[in-house]
Amino acid sequence: MEIAVCIKQVPDTNDIKWTENNTIQREGVESIINPFDEYAIESAVRLKESVGGHITVITMGPNQAEDILRKAMAMGCDDAFLVSDKKFSGADTVATSKTLAQAIKEKIPKVDLIICGQFATDGDTAQTGPSIAQNLDFPQATYVKEIIVADDTTITVKKEIEDGIETLKIKLPALICMQKCDYEPRIPRILGYIKAQDNNIPVFNAEAINIDSSEVGIKGSPTYVSKAFRPEQKKRGEIIQFTPNDDSIQNLCSKIKDFLSQEGGV
């Protein structure tokens with residue numbers, strides 16, 4: 001089975017910096033694998049161990065993103081490539097998914113299964129994976145908790161829904177987005193890191209994946225962040241202990257009235 005895993009580097013810091021276009025500045029910032037993407041990697045490796053196959057891990061970003069690709073290989077992925085070009089800078093989920101879909105189409109034309117994380121901690125849109133599937137015209141399943149079984153033509157998964165768990169059988173090629181699983185991603189071993197350091201990671205620009213520069217980066221992004229800011233810290237609440245025969249209820253009502261008055265409610 002030919003498996004592709006799309007991962008993302010996210011800032012490993014609370015001190016997020018923004019570019020002049022109100023996108024997250026990634027160059028020069030310590031980064032980690034997006035936590036949901038680690039479940040995607042773990043699920044792919046487990047599937048390979050179960051039915052056999054080959055895993056290629058992919059990310060789009062600056063050159064420093066090579067570090068997370070090597071960690072993914074240390075966890076059990078076989079190959080990796082980086083999609084990187086200044087033309088890709090400032091991409092929203094539409095442009096990002098179009099770029100990744102085109103990279104997969106060009107470099108892994110016989111892919112059977114694409115696995116993504118459900119969310120990215122720096123954006124939380126949950127749009128990139130489904131958009132990749134749409135661009136490739138693949139069936140998809142989101143909020144997947146577990147891959148149950150797979151063969152040459154189908155994959156069966158458990159997905160989380162509002163009131164329980166649903167089991168789906170999907171025709172391949174397909175794309176799935178992994179939610180947090182009941183098992184934890186494995187910790188890479190020393191031998192895994194040694195092997196990963198020896199592997200060559202090709203870097204593909206817009207020309208190498210045969211995509212029009214007008215469809216990527218800021219030029220290819222129909223959405224724009226008009227303002228980015230850190231939410232204000234909420235003030236801590238006050239606890240009023242209730243005891244019989246005291247004025248705690250009157251005190252509580254008075255405080256609620258004062259609050260509503262300040263907010264313009266009364």
side-chain contact (heavy atoms from CB on, under 4.5 Å) evaluation trace for Gln9 with Asn34: CA-CA 6 Å; Gln9 57 169 354; Asn34 174 54; over 6 Å; no

Check: [Y] and [X] side chains under 4.5 Å, non-hydrogen atoms:
{"X": "Lys71", "Y": "Ile33", "result": "yes"}
{"X": "Ile147", "Y": "Ile115", "result": "yes"}
{"X": "Val203", "Y": "Phe81", "result": "no"}
{"X": "Phe36", "Y": "Cys177", "result": "no"}
{"X": "Ile155", "Y": "Lys169", "result": "no"}
{"X": "Met178", "Y": "Tyr143", "result": "no"}
{"X": "Thr96", "Y": "Leu100", "result": "yes"}
{"X": "Leu113", "Y": "Pro173", "result": "no"}

Which atoms form the tightest heavy-atom contact between [X] and [Y], and what is the distance?
{"X": "Gly76", "Y": "Ile55", "value": "O-CD1, 4.3 Å"}
{"X": "Ala40", "Y": "Gly117", "value": "CB-N, 4.0 Å"}
{"X": "Ala101", "Y": "Asn135", "value": "CB-CB, 3.6 Å"}
{"X": "Ala141", "Y": "Leu168", "value": "CB-CD1, 4.1 Å"}
{"X": "Gly129", "Y": "Cys116", "value": "CA-SG, 4.0 Å"}
{"X": "Cys181", "Y": "Ser43", "value": "SG-OG, 4.0 Å"}

Atom pair [atom1]/[atom2] of [X] and [Y] - distance to nearest 0.5 Å:
{"X": "Glu146", "Y": "Thr156", "atom1": "CD", "atom2": "OG1", "result": "11.0 Å"}
{"X": "Ile108", "Y": "Lys110", "atom1": "CD1", "atom2": "NZ", "result": "13.0 Å"}
{"X": "Met1", "Y": "Ser50", "atom1": "CE", "atom2": "OG", "result": "9.0 Å"}
{"X": "Gln127", "Y": "Ser97", "atom1": "CD", "atom2": "OG", "result": "8.5 Å"}
{"X": "Thr99", "Y": "Ile209", "atom1": "OG1", "atom2": "CD1", "result": "5.5 Å"}
{"X": "Ile41", "Y": "Cys6", "atom1": "CD1", "atom2": "SG", "result": "11.0 Å"}

If you count every heavy atom of other residues, nucleotides or ligands that lies below 6.0 Å from [X] atom [atom1], does the total exceed 12?
{"X": "Ile161", "atom1": "CD1", "value": "yes"}
{"X": "Glu49", "atom1": "CD", "value": "yes"}
{"X": "Asp198", "atom1": "CG", "value": "yes"}
{"X": "Lys159", "atom1": "NZ", "value": "yes"}
{"X": "Asp151", "atom1": "CG", "value": "yes"}

Just by distance, do the side chain of [X] and the backbone of [Y] share a donor-acceptor pair under 3.5 Å?
{"X": "Asp212", "Y": "Glu215", "value": "no"}
{"X": "Ser89", "Y": "Lys86", "value": "yes"}
{"X": "Asp78", "Y": "Met73", "value": "no"}
{"X": "Thr59", "Y": "Ile7", "value": "yes"}
{"X": "Ser261", "Y": "Lys257", "value": "no"}
{"X": "Asn205", "Y": "Asp85", "value": "no"}
{"X": "Gln140", "Y": "Ala133", "value": "no"}

Step-by-step side-chain contact (heavy atoms from CB on, under 4.5 Å) determination, Val5 to Thr56: CA-CA 6 Å; Val5 181; Thr56 303; over 6 Å; no

Linked, directly or transitively: [X] and [Y] (ILVMFWY side chains, under 4.5 Å):
{"X": "Val10", "Y": "Phe119", "value": "no"}
{"X": "Ile132", "Y": "Ile3", "value": "no"}
{"X": "Val83", "Y": "Ile211", "value": "yes"}
{"X": "Ile176", "Y": "Ile165", "value": "no"}
{"X": "Ile104", "Y": "Met60", "value": "yes"}

Ser254 side chain to Asn251 side chain, donor-acceptor N/O pair below 3.5 angstrom: no

Could you tell me whether [X] and [Y] make a salt bridge, using a distance below 4.0 angstrom between a side-chain N and a carboxylate O?
{"X": "Lys8", "Y": "Asp37", "answer": "no"}
{"X": "Glu166", "Y": "Lys158", "answer": "no"}
{"X": "Lys180", "Y": "Glu160", "answer": "no"}
{"X": "Glu2", "Y": "Lys107", "answer": "no"}

Partners passing side chain to side chain donor-acceptor pair (under 3.5 Å) against Thr223 (at least two apart in sequence or in another chain): Asp92

Pair Tyr39-Glu184, side-chain hydrogen bond (donor to acceptor under 3.5 Å, both in side chains): steps then yes or no: CA-CA 7 Å; Tyr39 287 101; Glu184 291 299 317; 3.1 Å; yes

Candidate pair Thr153 and Leu172, rule side-chain contact (heavy atoms from CB on, under 4.5 Å), full reasoning: CA-CA 5 Å; Thr153 59; Leu172 299 176; 5.8 Å; no

Those residues that, when tested against Glu66, pass side-chain contact (heavy atoms from CB on, under 4.5 Å) (two or more places apart): Arg70, Ile201

Residue pair Ser221, Val94: steps toward the side-chain contact (heavy atoms from CB on, under 4.5 Å) verdict: CA-CA 6 Å; Ser221 300; Val94 173; over 6 Å; no

